[in-house]
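Counting begins at 1 with the first residue of the sequence.
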Amino acid sequence: MQKVPEIPPRLTDPRPVVAVGIGLWVIATVVVWCVDQWSSARPICLMGVVTGLLAYGIFLLQRRGARRGDKGAQKGL
């Protein structure tokens with residue numbers, strides 16, 4: 001059997017991806033709010049920000065549970 005190398009932790013950390021995603025949704029929301037022609041996209045942009053924050057909150061809850069050793073928590077966070 002060939003030994004498979006471990007993936008570096010910097011490539012498996014979801015925090016930068018979620019932060020960049022939320023940042024892009026915030027920028028899109030600001031742009032859409034400034035241009036009146038795109039006013040129909042405002043709810044979509046706001047929901048993008050809310051969804052990103054919700055995903056980050058779930059990630060933080062799972063990581064806290066994994067650090068405490070809860071049975072139902074995901075491993076490797």
Which pair of heavy atoms, one from [X] and one from [Y], lies closest together, and at what distance?
X: T29; Y: C45; value: OG1-CB, 3.1 Å
X: F59; Y: P14; value: CE1-CG, 3.5 Å
X: V35; Y: R42; value: O-NH2, 4.5 Å

R68, CZ: over 12 other non-hydrogen atoms inside 6.0 angstrom: yes
Approximate separation, where rounding is to 0.5 Å, of L11 CG and E6 CD: 12.0 Å
I22 CD1 to I27 CD1 distance, which is reported to the nearest 0.5 Å: 12.5 Å
Backbone of G48 reached by a side-chain donor or acceptor of T51 within 3.5 Å: no
Cluster question for you: counting only ILVMFWY and a side-chain heavy-atom cut-off of under 4.5 Å, with indirect links fine, are [X] and [Y] together?
X: Y56; Y: V26; answer: yes
X: W33; Y: V50; answer: no
X: L53; Y: W25; answer: yes

Side chain to side chain, R15 and R63, heavy atoms closer than 4.5 Å: yes
